[in-house]
Amino acid sequence: MPVRVVETSSPSQVSGTTPGNNTPPPCTLLSVGQGFSGTQNVSSLQKDEAWRVNVQIQGIDHDHGYLCGTMEALNVPMADTPVVTFWEGEIVDTKNYTFFTGKWGATTEDDIKHWTKFQSFSPLLSKVEVDGGKTLDLSNYPFIFMRWKEQYFVNVGTDCGLTIAGFYYVCFSCSDGSINGFYYDPNSSPFQKLELKSTNDGRSGFSFSTYELQ
Amino acid sequence: MPTSAPPPSNYPTRSEDLIGRLNSVLTPYETKLKTLRELKNQIIGNRTKKLAFLKLGAVPSVVSILSSAVAENGGGSNLEFNEPVIIQSAAVIGSFACGLDAGVKAVLDAGAFPLLFGLISHPNEKVVDASARSLKMIYQSKLAPKYDFLVEKNMDFLLSLLNSKNENVTGLGGSIITHSCHTSIEQETLSEAGVIKMLINLLRGSLIQRDASLESLGAIIKENPGVISKFMGPENGRALNVVTELMKDRYPRTRLLACMCLIHIRNASLRYLQDAGIKTKLILILFELIDDPGQVGDEAPFALSSLIAEKEDLQKIAFDSNIVDKLCNHLEKGSFQAKRLQGIFLALADLCSKLEFCRDRFLSLKAFNFLTNVLTHDSPEVRAAACICLKNISRSVKNLSAGHFMNETVITPLVRLLQDTCTSVLIAALGAISNIVVDFTVHKSKFIHCGGVKQLVQLSKSMDSTIRVNAVWALKNLMFLVNSMCKEEILLELSPSMLISLICDPETSVQEQALALVRNLVDGPMDSVEYVFAEEGLLLNAIGRQLQSASKVEVLIQGMYVLSNVASGNELHKEAVMNQLFPPAGSDMQTILIKFLQSTDSRLRTASVWALVNLTLTSPGANIRVMKLQSAGIVCQLKNMVNDPCLDVKLRAKTALGQSMMFGDSSMG
């Protein structure tokens with residue numbers, strides 16, 4: 001069953017807010033309506049497999065370090081339709097969240113092990129090892145680190161043979177909108193990799209849409 | 001038993017008979033006194049009887065009797081009955097005014113007001129009591145004349161009332177303050193005159209005095225930090241402690257009024273009442289007052305709203321005390337007076353305004369069904385409160401994504417409310433709809449098929465700019481990520497000429513929403529860009545013109561995003577954007593683009609630089625565009641932006657520059 005993240009506050013689409021002093025800046029490529037597509041490799045000892053994945057950002061609230069969206073997995077062997085899940089994310093902004101997860105069965109060792117797999121993380125490693133990176137100034141860092149946790153299946157039942165028990169360590173590149181991630185679940189094969197690129201619906205360039213909640 | 005036959009219609013009814021006796025000069029004085037008592041007993045607590053007697057002209061009759069009795073007072077032959085007649089007629093007048101605006105109007109029209117005031121200084125204490133009580137009833141109504149505190153003799157009179165030994169008279173003084181003190185000048189005038197100290201003394205008096213004092217203190221301190229700091233000052237002793245103690249009084253109304261005073265103090269400044277204990281206590285006391293079956297229970301949810309509105313920390317404390325469940329249980333208990341329903345929904349709305357777990361809790365209880373049912377309630381205040389509650393609950397991306405709101409039970413009554421005659425209901429419904437139509441699932445079509453778009457388009461032509469803005473806001477959210485089929489259906493109702501007039505609306509906030517709507521319209525599959533060329537390019541021209549003339553940055557941002565989105569299309573689309581951004585050859589108009597790229601607002605710089613990224617992207621016509629950008633000084637401007645303080649701008653500027661440089665090299669070859 002999906003796990004509800006208890007401590008989230010209200011997410012809201014806020015256009016043009018200036019973030020706190022040391023927090024990652026808003027990036028248009030990571031805004032509502034933006035889509036990404038690529039693959040997740042689900043290799044295990046038995047087989048080498050990759051699913052095609054589409055991700056869409058539905059909500060983002062920089063004040064609370066929150067974002068959410070859907071993930072669609074195609075060509076999943078056990079399912080006859082694409083499987084869509086809804087996920088919620090934590091932005092590592094040193095204000096609301098640090099590099100230390102502190103839940104979902106991930107220890108600080110697990111955290112460091114996963115973050116270090118991102119090349120863009122290495123300059124930050126020493127400070128993160130001390131205190132999870134609380135004192136880091138990420139306001140000009142061209143990468144945004146997040147954790148994404150799937151909350152529920154949108155279009156299939158929980159008996160579809162798939163699990164959403166784990167979560168992703170995610171690194172987003174502000175310059176080209178590419179996303180890399182590693183799935184963490186103590187009961188699944190380690191380091192299943194997620195690789196996505198920003199999509200543009202067949203356009204010659206980038207297009208951005210908007211909504212505002214009242 | 002034989003029963004008497006109903007009287008034939010040409011006989012006076014008993015009520016008419018009674019009035020006849022009051023009016024007749026032939027009626028002996030003693031009989032008039034008896035008749036007054038009889039009238040009083042009939043109308044007390046009986047609204048129907050009051051209305052019936054009002055129709056028969058009872059009030060002018062009674063006031064006339066009072067007037068004569070007052071004139072005769074001290075002389076004349078009816079000494080024995082004179083004062084009792086004054087007392088009874090004053091009481092009847094008070095009863096007519098009690099809780100009935102029609103009664104108050106009749107009483108004021110008949111000239112009772114000055115008569116009753118004249119009796120406040122009567123030697124007979126019972127006369128004073130009756131008059132003071134009746135005046136208090138009148139002052140409970142909005143129709144009572146405003147008391148002008150700024151006139152010196154009025155202030156002196158008020159002070160004399162507050163100084164009186166008679167609790168009804170001091171209570172009257174309190175009622176006058178509660179009724180008429182609204183502006184900060186009035187509050188300060190009362191404070192300077194020493195009224196606060198007098199009211200604090202009355203807090204230690206009788207029940208009537210305590211309640212009157214608490215209520216009028218509330219009126220004086222409300223939203224006035226200056227007066228509040230005087231209240232909290234040393235000259236007023238331990239006033240705060242006295243009020244805090246009254247929170248635990250045995251009478252519910254006193255507890256409620258004490259809470260409201262503390263809430264006013266807390267709302268004025270966060271440095272007061274910071275203690276978590278007092279916050280929790282306030283919430284728990286209000287929590288328990290909601291159970292009161294009477295007026296206190298009706299008002300308690302409003303006090304709770306006032307306490308927690310906009311304050312996450314207090315909302316969290318309230319949530320931890322299970323207040324969501326409590327309020328929802330109240331809803332399920334049964335039919336309520338409209339006022340209580342309104343209060344409960346507004347309190348729930350405040351609870352769910354910021355905290356996701358409050359919304360989750362509400363949705364998990366059956367109360368959501370109750371909410372949708374109440375959208376068709378008779379009272380406009382209840383309808384509006386339900387819409388506000390729905391708006392706050394749907395302020396949840398997670399629940400919108402789960403598609404909890406886009407179904408007939410919710411949409412059908414909401415769309416109907418778009419034709420509500422009451423503006424506040426209309427605006428509240430628009431707020432709820434704005435959120436619900438964001439719905440990320442395929443169900444937006446449900447809203448369209450319910451006739452929602454038709455209504456929204458109609459409202460976007462309203463004379464009221466608030467209605468226009470909210471209607472266009474809802475359309476913008478509806479258009480977000482909507483599929484092509486729905487886009488077509490929306491555009492059947494929302495014509496391009498309508499869009500143009502919205503983009504050029506006299507209100508800049510409407511312009512902003514309309515441009516954001518077009519931004520969403522041209523997003524999606526490539527062929528969506530074609531929509532902006534509707535009316536033979538008039539729509540795109542209107543957008544271009546707004547970019548030239550608008551000064552509000554939010555309008556410019558949305559306009560640039562429209563152009564940026566269009567520029568992500570094919571060569572013709574990109575050319576069209578160039579034509580909007582760059583004046584025709586020979587014109588000495590500078591391109592607005594330079595101005596936008598140099599804006600102090602990073603959002604406008606971002607939108608503008610995205611347009612450049614899209615225009616300079618490798619494609620057949622890109623090199624010509626780059627040359628034009630070069631000659632307009634844009635490439636130079638981009639070079640200045642590679643160290644922009646905003647990371648997003650910096651990265652896009654580098655991309656656009658890199659793309660431009662590629663053509664620069666090849667054009668030199």
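Throughout, a chain's letter reflects where its sequence line sits, starting with A, and its residues are numbered from 1. Scope of the values below: all heavy atoms of this structure, side chains included, with no hydrogens, waters or symmetry mates. All figures in this text were calculated on a predicted structure; none of them were measured in a lab.
Annotation: side chain of C27(A) is in contact with side chain of R652(B) (closest heavy-atom distance under 4.5 Å). The shortest side-chain heavy-atom distance between K391(B) and L213(A) does not fall under the 4.5 Å cut-off. Inter-residue side-chain proximity for F440(B) and V32(A) is flagged as unmet; no heavy-atom pair is nearer than 4.5 Å. Within the 4.5 Å cutoff, the side chain of D201(A) has no heavy atoms near those of the M526(B) side chain.
Nearest heavy atom pair, residue G205(A) against residue N614(B), reads CA-OD1, 3.2 Å. In plain terms, the two heavy atoms of Y152(A) and A402(B) that are nearest each other are OH-CB, 3.1 Å. Summarising the geometry of E212(A) relative to N477(B), their closest heavy-atom pair is O-ND2, 2.7 Å, with the distance given to 0.1 Å. Closest of all the heavy-atom pairs between R203(A) and P525(B) is NH2-O, 3.4 Å. Counting all heavy atoms, side chain and backbone alike, P645(B) lies closest to N140(A) at O-OD1, 4.3 Å. Residues T28(A) and W610(B) approach most closely at OG1-NE1, 2.8 Å, considering heavy atoms.
Ranked by heavy-atom pairs under 4.5 Å with chain A, the list D648(B), N570(B), T606(B) is led by D648(B). Ranked by heavy-atom pairs shorter than 4.5 Å toward chain A, the options A516(B), G569(B), G524(B), S434(B) are led by G524(B).
The contact between F86(A) and chain B is made entirely by side chain atoms (from C-beta outward), counting heavy-atom distances below 4.5 Å. For L478(B), no part lies under 4.5 angstrom from a heavy atom of chain A. Looking at E554(B), neither its backbone nor its side chain comes within 4.5 Å of chain A, counting heavy atoms on both sides. Heavy atoms of K650(B) lying under 4.5 Å from chain A belong exclusively to its side chain.
Here CZ of F208(A) is found 9.5 Å from CG of D523(B). Values are rounded to the nearest 0.5 Å. Atoms OG1 and CD, from T210(A) and Q513(B) in turn, are 8.5 Å apart once rounded to the nearest 0.5 Å. The structure places OH of Y66(A) at 6.5 Å from NZ of K398(B), a figure rounded to the nearest 0.5 Å. A distance of 11.0 Å separates CG of L647(B) from CG of L138(A), quoted to the nearest 0.5 Å.
When the options L521(B), N520(B), V522(B) are evaluated for a side-chain contact (heavy atoms from CB on, under 4.5 Å) with S209(A), the one that passes is N520(B). When the options V437(B), L481(B), V397(B), N435(B) are evaluated for a side-chain contact (heavy atoms from CB on, under 4.5 Å) with Y211(A), the one that passes is V397(B).
Annotation: K552(B), atom NZ; neighbour count of heavy atoms from other residues, nucleotides and ligands within 6.0 Å is above 12.
Side-chain atoms of N470(B) and Q214(A) form a donor-acceptor pair, as typed in the model, at a separation below 3.5 Å. Between the side chains of S204(A) and K574(B), a donor-acceptor pair is found at a separation under 3.5 Å.
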